[in-house]
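Okay, structure first, notes after.
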Amino acid sequence: MEKTLTGKRVLITQATEFMGPVLCDVFAQQGAEVVASVEALLAPSAAERVVSDAGRIDVLVANLALKAPSTPAVDVTEAEWRQVFAALVDPLPRLLGATLPGMIARRQGKVLVIGSASGLRGMKRASSYSAARGAQLAYVQAVGVEIAPHNVQVNAIAQNFVDNPTYFPAEVQTNPRFQERLAREVPLGRLVSAREDALFAAYLCSNAADCFVGQVFPVCGGWVAR
């Protein structure tokens with residue numbers, strides 16, 4: 001891949017968290033004009049303001065992160081449930097509601113949600129987080145097929161075991177128990193590198209990926225198969 005995003009203006013949310021830094025770097029290397037937003041998106045008005053401030057957007061990368069609680073399902077409180085959904089789910093319809101009308105009018109555009117494979121495979125002590133990540137993926141599938149006739153593509157990456165400082169900081173990666181889990185659960189036998197993931201994201205946001213609509217792509221070293 002070389003300069004596959006030349007001429008495209010790309011808005012990346014939460015650009016200093018989760019996959020934000022590497023996405024900004026790789027997308028810029030691929031020729032994109034990157035608009036890196038660092039604003040929190042918890043307030044109902046925040047998403048519309050971020051999109052408005054960005055101006056014309058050819059590609060929206062909804063990179064949303066929250067450190068996953070590790071609460072047993074029977075102990076998940078209403079407050080935890082709402083906190084997780086407020087961070088990971090509620091911003092999506094606000095972001096797309098502000099972005100899609102312009103893309104539909106131009107009959108061109110892409111939205112990529114950076115989600116989690118935890119919505120595709122059960123994980124102990126992760127019910128609130130997995131539910132929110134699963135809701136992201138269901139939303140992408142529904143909106144993707146609805147918007148496809150307008151020549152706008154909405155897709156998602158469902159990742160896990162990808163090297164990033166939010167979920168796999170150095171202290172986690174060097175923990176022997178984590179290394180044992182990696183060897184046991186991930187057929188690849190290692191973390192997916194941040195750059196590998198970001199390059200795939202860049203491909204999905206390029207004109208070469210116009211045929212994908214409402215798709216969820218696991219990037220997780222084989223942790224889930226679909």
Side-chain angles (χ1 to χ4, degrees), residues 11-20 23 36-54 57 60-101 110-147 154-162 164-169 172 197 201 204 214-220 223-224 226:
L11 171 61
I12 299 176
T13 66
Q14 289 188 242
T16 59
E17 301 177 57
F18 190 24
M19 297 302 296
L23 288 169
S37 171
V38 299
E39 184 167 348
L41 295 171
L42 295 177
S45 61
E48 184 175 3
R49 181 171 61 253
V50 165
V51 172
S52 176
D53 290 346
I57 300 169
L60 167 66
V61 180
N63 174 66
L64 301 171
L66 176 76
K67 193 68 175 177
S70 58
T71 309
V74 296
D75 295 327
V76 172
T77 63
E78 178 74 15
E80 176 184 312
W81 188 267
R82 283 307 319 147
Q83 177 193 25
V84 175
F85 272 71
L88 299 178
V89 181
D90 295 351
L92 280 182
R94 298 167 184 160
L95 285 167
L96 271 66
T99 303
L100 287 177
K110 284 188 168 57
V111 176
L112 181 66
V113 175
I114 308 299
S116 170
S118 65
L120 301 175
R121 172 175 169 172
M123 295 175 62
K124 296 178 181 178
R125 299 172 67 96
S127 59
S128 61
Y129 181 80
S130 296
R133 288 301 194 181
Q136 286 184 329
L137 303 183
Y139 180 75
V140 163
Q141 291 177 96
V143 177
V145 297
E146 179 180 335
I147 301 302
V154 180
N155 296 293
I157 286 177
Q159 65 181 64
N160 196 8
F161 295 103
V162 175
N164 71 86
T166 299
Y167 297 109
F168 298 105
V172 169
D197 190 24
L204 290 176
Q215 297 290 114
V216 172
F217 297 94
V219 177
C220 55
W223 185 68
V224 293
R226 82 167 182 89

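These numbers come from a predicted model, not from an experiment.
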_To the closest 0.5 Å, what do you measure between CG (D75) and CD (E80)?_
9.5 Å
*Could you tell me whether E48 atom CD has more than 12 heavy atoms of other residues or ligands within 6.0 Å of it?*
no
_Any heavy-atom pair between the side chains of F18 and Q159 that's under 4.5 Å?_
yes
*Would a distance-only check, ignoring hydrogens and angles, find a side-chain to backbone donor-acceptor pair under 3.5 Å from S118 to S130?*
no
_Between OG on residue S116 and OH on residue Y129, distance to nearest 0.5 Å_ = 4.0 Å
*Quick one: CD on Q83 to CG on L88, what's the gap to the nearest 0.5 Å?*
9.5 Å
*Decide yes or no for L64 and Q136: does some side-chain heavy atom of the first lie under 4.5 Å from some side-chain heavy atom of the second?*
yes
*asked:* So, applying side chain to side chain contact (heavy atoms under 4.5 Å, CB included) with M19, which one of I157, T166, V162 is it?
replied: V162
*SG-CG distance between C220 and D197, expressed to the nearest 0.5 angstrom*: 10.0 Å
*Can you find a pair of side-chain heavy atoms, one from V111 and one from V140, that are under 4.5 Å apart?*
no
*Are the side chains of L23 and I114 in touch, meaning some heavy atoms are under 4.5 Å apart?*
yes
*State the OG-CZ distance between S128 and R133, to the nearest 0.5 angstrom.*
11.5 Å
*Taking the side chain as every heavy atom from C-beta outward, state whether V143 and L100 have any atom pair closer than 4.5 Å.*
yes
*Mind listing the closest non-hydrogen atom pair of G214 and Q141 along with its distance?*
O-CG, 3.4 Å
_Please give me the minimum heavy-atom distance between F85 and P91, naming the atom from each residue._
O-CD, 4.4 Å
*asked:* Check the orientation of F161 and F168. Use parallel for under 30°, tilted for 30 to 60°, and perpendicular for over 60°.
replied: parallel
*Any idea which heavy atoms bring A98 and V51 closest together, and the distance?*
O-CG1, 3.6 Å
*Once you round to the nearest 0.5 Å, how far does CZ of R121 lie from CG of N160?*
9.0 Å
*Work out which heavy atom in S37 is nearest to a heavy atom in L11; give both atom names and the distance.*
CB-CD1, 4.0 Å
*Can you name the closest pair of heavy atoms from E39 and A46 and give their distance?*
OE2-CB, 3.9 Å
*Kindly determine whether Y139 and V113 satisfy side chain to side chain contact (heavy atoms under 4.5 Å, CB included), including the steps that lead there.*
CA-CA 10 Å; Y139 180 75; V113 175; over 6 Å; no
*Taking all non-hydrogen atoms of both residues into account, name the closest pair between R94 and A43 and its distance.*
NH1-O, 3.9 Å
*Just by distance, do the side chain of N63 and the backbone of V61 share a donor-acceptor pair under 3.5 Å?*
no
